[in-house]
2 protein chains.
Amino acid sequence: MIPYRGDMDAVRVALVNDYEVVARGVAEMLRNYQNRIHVVELDLNKQVGEHVDIALYDTFATTRGDRSEVRDLVSNPLVDVVAVYSWTLEPVHIESAMSNGAGGYISKGLPAAGLVSALETIRAGGKQLHLEQEDAQTVIVGDWPGREEGLSEREAEILALITQGLSNAEIAERTYLSINSIKTYIRNCYRRIGADSRTNALLWGIEHGFRPDRVRIKHPEPAPRSR
Amino acid sequence: MIPYRGDMDAVRVALVNDYEVVARGVAEMLRNYQNRIHVVELDLNKQVGEHVDIALYDTFATTRGDRSEVRDLVSNPLVDVVAVYSWTLEPVHIESAMSNGAGGYISKGLPAAGLVSALETIRAGGKQLHLEQEDAQTVIVGDWPGREEGLSEREAEILALITQGLSNAEIAERTYLSINSIKTYIRNCYRRIGADSRTNALLWGIEHGFRPDRVRIKHPEPAPRSR
DNA sequence: GCAAGTTTCACCCTTTGGGGTGAACCTTTG
DNA sequence: CAAAGGTTCACCCCAAAGGGTGAAACTTGC
């Protein structure tokens with residue numbers, strides 16, 4: 001009845017992040033596992049537009065700070081399970097995501113095989129948390145804006161949040177880091193890209209792919225005034 | 001020999017400013033004087049690409065801070081005379097422009113008729129400085145980005161320079177104003193557009209036409225780093 | 001093992017930005 | 001004439017940003 005048995009068993013996964021290069025990087029990681037993971041295209045609005053077993057939500061530079069993405073994904077009837085994919089592994093953050101309805105939490109530190117295994121396990125209703133790799137395999141990392149320019153993923157994330165217009169305090173809150181860590185990243189980031197001010201860094205970011213592909217930038221609405 | 005006597009006498013003028021809406025605003029002012037002023041289109045690079053009697057250089061939010069635009073225009077063999085069009089009328093600034101090769105200086109406070117008259121006079125080799133209107137005519141102002149959103153021209157100029165990535169000190173220097181004036185304008189500007197930070201104002205500016213149409217934004221070059 | 005890179009954080013100090021108040025002058029509008 | 005708006009500036013004070021130094025833990029590559 002079904003032409004391909006492999007496709008029938010493959011986990012249907014939507015990769016969700018506002019930076020296409022990030023989603024593409026994850027897709028690239030999964031390329032060698034096409035018989036086990038079927039990456040589903042998002043619709044024109046970058047939404048999950050067809051049924052998927054798992055929406056894999058990458059937390060890189062989230063454009064909303066209230067974790068509402070997870071709740072939105074959970075409430076999408078086309079999504080069976082939402083799995084959060086993040087470097088942040090503290091229990092308080094994991095709990096927060098789960099309480100928002102996530103059905104899985106996967107560390108970005110896992111190698112591709114571990115990610116695949118985690119997705120399959122979650123789809124099958126098994127263990128939800130996949131935080132550590134189980135053997136010493138080489139971790140193949142994904143992709144992010146600014147990587148070609150020499151930015152680490154964390155540096156890139158901070159710059160992306162600057163490019164969204166967030167203050168240092170807001171970035172610290174968004175990333176669960178200390179303000180001091182943020183300042184350190186900013187310092188390093190400016191040094192790398194040759195910026196000497198926030199506005200210049202922001203403009204550099206806009207020119208180098210740091211603008212989210214979904215335009216949900218935090219900035220003020222116009223204030224009309226009669227003149 | 002010449003089909004239209006009017007066109008033969010009309011002053012050929014190129015309107016030069018990095019914000020198209022500004023140039024368009026001036027062109028609109030001159031619309032009722034088409035028999036006396038022929039506005040010449042710029043080429044695809046926004047350069048003066050054909051012979052003109054006068055290049056009218058509007059100083060709104062100049063994207064270069066060293067007055068090199070005037071010198072560049074002066075050295076363009078297609079340009080007979082460069083006239084600076086500005087609100088700034090202090091002798092020191094006028095002298096600076098003239099010493100850079102400008103052959104005229106016109107106040108933006110002149111009504112359209114005064115501007116037309118000034119252009120004709122300059123083209124004819126007469127008086128170079130046209131700083132005050134000679135009678136109480138209604139001043140029809142030009143246009144600038146953000147005008148529809150309720151920004152005054154000065155507020156818009158400051159925001160445009162913020163959007164170019166300049167610091168307050170740099171803006172003060174560029175506009176010949178005190179740092180305190182800049183801060184006042186910024187305050188008022190933020191209130192009008194509903195911004196609470198520079199980065200948000202910058203992002204607003206980008207979304208609302210404050211990006212120069214010629215991409216000569218002051219921002220850093222990439223700093224490549226081997227990784 | 002060592003060096004370099006990444007991540008995270010503290011602390012010190014300076015610079016830049018931002019909100020407020022007040023004031024003067026000019027122009028336009030009612 | 002008065003009010004409103006635009007332009008310009010001073011001054012006060014605080015917040016946010018930014019540069020520096022140091023340190024710890026971990027990972028990766030030589």
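Just the heavy atoms: all of them, side chains too, but no hydrogens, waters or symmetry mates, feed the values below.
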Atom CD1 of I158(A) and atom P of dT7(C) are separated, to the nearest Å, by 10 Å

(Q) Can you see if the side chain of R192(A) gets near the phosphate of dT6(C) - specifically, an N or O under 4.0 Å from OP1 or OP2? (A) yes

5'-most contact on DNA chain D (nearest-nucleotide basis), I162(A) vs E155(B), goes to E155(B)

Heavy-atom nearest nucleotide on DNA chain D taken for N188(B) and for I179(B); more 5' hit belongs to N188(B)

Hey, does S178(A) reach any base, or is it just sugar-phosphate, or nothing, if we go heavy atoms under 4.0 Å?
sugar-phosphate

Please confirm whether the shortest side-chain N or O distance from T184(B) to OP1 or OP2 of dC9(D) is below 4.0 Å. no

Under 4.0 Å between a side-chain N/O of N168(B) and OP1 or OP2 of dG17(C), yes or no? yes

Atom CD1 of I171(B) and atom C1' of dC9(D) are separated, to the nearest Å, by 17 Å

State whether Y190(B) places a side-chain N or O below 4.0 Å from either non-bridging phosphate oxygen (OP1 or OP2) of dG19(C). no

Atom NZ of K183(B) and atom P of dC13(D) are separated, to the nearest Å, by 14 Å

Within a strict 4.5 Å, meaning less than it, do heavy atoms of the V13(A) and V52(A) side chains meet? no

Atom CZ of R154(B) and atom P of dC25(C) are separated, to the nearest Å, by 20 Å

| query | So, R24(A) versus N17(A): side-chain donor-acceptor pair below 3.5 Å or not? | reply | no

Whole-Å distance, R198(A) CZ to dG19(D) C1', equals 14 Å

ask   = Between R192(A) and E148(A), is there a salt bridge with N-O shorter than 4.0 Å?
value = no

query = Is the distance between the ring centroids of H130(B) and Y105(B) under 6.0 Å?
reply = no

Task: Pairwise side-chain contact, V26(A) with Y85(A), heavy-atom cut-off 4.5 Å (strictly under) - done: yes

From CZ of R147(B) across to P of dG5(D) the rounded distance in Å is 16 Å

Y185(A) OH to dC9(C) P, in whole Å, measures 8 Å

Atom CG of N180(B) and atom C1' of dT21(C) are separated, to the nearest Å, by 13 Å

message = Whether R187(A) contacts dG20(D) is assessed here as follows: a side-chain N or O lying under 4.0 Å from the phosphate OP1 or OP2. Is that the case?
response = no

